[in-house]
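Working notes, beginning with the structure itself.
When a ligand or atom number is given, it counts from 1 through the structure's own listing order. This chain uses plain numbering: 1 for the first residue, then up along the sequence. All values derive from a computational prediction rather than experimental measurement.
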Amino acid sequence: MAIPKTIQAEAGQLRQELNEHNYRYHVLDAPVITDQAYDKLFRRLQQLEQEYPELVSADSPTQRVGSEPASHFETVTHEVAMLSLDNAFDEEEMIAFDRRLRDKLDYQGQLAYCAEPKLDGLAVSLLYEGGELTRAATRGDGRSGENITANARTIASIPLRLLGEKVPDRIELRGEVYMEVEGFDALNQSQRQAGGKLFANPRNAAAGSLRLLDSRITASRPLTFCSYGIGLIEGVDLPPGQFQQMMYLREIGLPISRQIELLDSIDGCLDYYRRMLQQREQLAFDIDGVVFKLDDSELQRQAGFVSRAPRWAIAYKFPAQEVMTTLLDVDFQVGRTGALTPVARLEPVAVGGVMVSNATLHNMDEIERKDIRIGDVVIVRRAGDVIPEVVAPVVQQREGELPRPQMPERCPVCDSEVLQQPGQAAYRCMGGLVCAAQRKEAIKHFASRKAMDIEGLGDKLVEQMVEQGLIDSVADLYHLPQAQVAELPRMAEKSASNLLEALDQSKKTSLARFIYALGIREVGESTAESLAAYFGELEPLMDAGTETLQKVEDVGPVVADNIRHFFDQEKNRAIVEKLIAAGIHWPSIEVTQQAQTLEGKTYVISGTLEGLSRDQAASLLKARGARVSGSVSAKTSAVISGENPGSKVAKAEALGVEILDQAGFEALLGDDR
Ligand code: 9MJ
């Protein structure tokens, strides 16, 4: 069937527009249309191509969905060998690198370098012929790699066709395929849900995804590409410097690093390194250092190569965020609420620039899922300020049968029973305040900055005071004998009197801080604030029933039970009274108790409301005295219906129960929100 001219023209136009929007999105970081508008153009092209299959071309933006699985990857010989990079690990090595280059080139002045972050992914080469992507290959051993064209075509940031006036006849370029951290987390989340294998880090996830024989799966993986070099070019004269060459790549539609900079000297390089080290945690992707390339192409040529690496480039590595070490043992730490957390005792190792000998193992489920054994070589990760964690065991290095960590039956601190509560992952020590660990944690929490903010009362000091029997609970804090405090290790007259002064100062606080400081399970800062705002005073909170408590924003049945349970304990009431008697006080506040405008009414919520979770919507109703139910009956006052409501709305219709949309719901709440 002949394709009408107008259809051909429309398809051509759509393809060009879509390619330009891709370019604006992936390369320029400056999209000019919304995702929805893009999808609309995309679907129109898909529709035309479906009606007229002859319209489909290899460079059509619709052709990124992957194809039938291959049986193996063909081997590809790179036209120009793909190099590796020498490494530097400190400033001295960087300065030596620059000096060697200047000596070799017999160069007097300062050398200029092109700098970019070193992406932690997989090196690939892309071949474009006549502007069209014709081949993609992994680096392999540098001489030859695997033909991964079908997979590369599914990566949205790899253009299928180059753009603009200066497209070369042939170009073979190099770059990195990697995965951003957000995409990696989402991938692992869906792998976890599907019971699939988890990837240890974004690099492994990128490598695994790029080397799949089924490119349809690759298409579903959040891979990204960034160019960093040119292997071969025909039909265009390149500008004479690395930085300008990268700008040229961007001009013809290829993504390059957003952090690329041209620096005028080695000092500029050292400064760039420090800046990137600072920014590292804010970037959307993992980097393991920065790469510096001598900018001048002619000087690059003169400098030449040593074995497989250019003399004119270097990777200045960051301290590793992931290292391997041996898991010596697993201990269990008891938290404020009695929860036992497994902690890895490690052969000390430097990670991210500091020595680490302990790391979290999260919980028993995580240990089991990752199959971590005592004695394993494990990967430990420490990123930024986050607590170091054990990522995975290196199973290949396991020799023989190694023991699995076991949850102890009795608390390692107080020997009370350890139980797993039904429906909860955590195991808890049942000792309560008998348990010194729980007492210590409760006091640390009470003293912490966001609670009573007692300056100078650090974790170590709390531990000493509990161990020496100086304090049993937070109530004892305000009756500390100065002389005994002064006798504690590393304390003296002055520091003891400072501490007592700080304790005195802390007595002037706010009701919200005080409620938070009590350490009621699942009552965080924001819930404490809501409770303070609702009750205004301590006594009504202490005596409130669970129904009343649930009228407070963010308080559901579980938290209400926790609060009720806390104040039902005589011990806790005595502690609170003793604290108040010691002089803790706060300015009284105006209560934001809602007028009970919906007293006696019952509502059912169905579907999703804009800008509100279902729990939040329920809290708002309950705060006004209403009941919120899960099922519709003739007694239901109204059903609140959001987007995609379920069968409840149909049932309401059948029963003649009123149905409110989002606007109706908002009107019901009134404008005092
Ligand atoms: C990475 N991984 O980001 C090079 N690289 O240059 C950058 N790798 C490289 N350049 C020559 N930015 C060989 C490897």
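- With hydrogens left out, the protein atom closest to atom 8 (N) of ligand 1 is Y228 CZ, 3.2 Å, a heavy atom.
- Listed by number with element, the atoms of ligand 1 under 4.0 Å from a non-hydrogen atom of E176 are 2 (N).
- In terms of protein heavy-atom proximity, atom 11 (C) of ligand 1 is closest to L85 CD2, 3.8 Å.
- Looking at L294 and L111, their side chains come closer than 4.5 Å, going by heavy atoms from C-beta outward.
- No side-chain donor-acceptor contact under 3.5 Å links R102 to the backbone of Y107.
- Nearest to atom 3 (O) of ligand 1 among the protein's heavy atoms is L119 N, 2.8 Å.
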message: Does Y273 form a ring-ring contact (aromatic ring centres under 6.0 Å, His included) with F318? I'd like the steps, not just the answer.
response: CA-CA 9 Å; Y273 174 88; F318 289 153; 5.2 Å; yes
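- No side-chain N or O of S265 forms a donor-acceptor pair with one of D267 less than 3.5 Å apart.
- Side chains of Q278 and R275: a donor-acceptor N/O pair is absent below 3.5 angstrom, by distance only.
- Per-residue contacts place E116 under 4.0 angstrom from the following atoms of ligand 1 (heavy atoms of the residue considered): 7 (C), 10 (N), 12 (N).
- Set against the non-hydrogen atoms of L83, the atoms of ligand 1 under 4.0 Å away are 13 (C).
- Proximity to P117 (heavy-atom distance under 4.0 Å) selects the following atoms of ligand 1: 3 (O), 12 (N).
- When all heavy atoms of T149 and A136 are compared, the closest pair comes out as OG1-N, 3.1 Å.
- Those atoms of ligand 1 with a heavy atom of V291 less than 4.0 angstrom away are 5 (N), 7 (C), 10 (N), 12 (N).
- Within the 4.0 Å heavy-atom shell around ligand 1 one finds K293.
- Note: H21 and Y38 have perpendicular aromatic rings, judged against thresholds of 30 and 60 degrees for the angle between ring planes.
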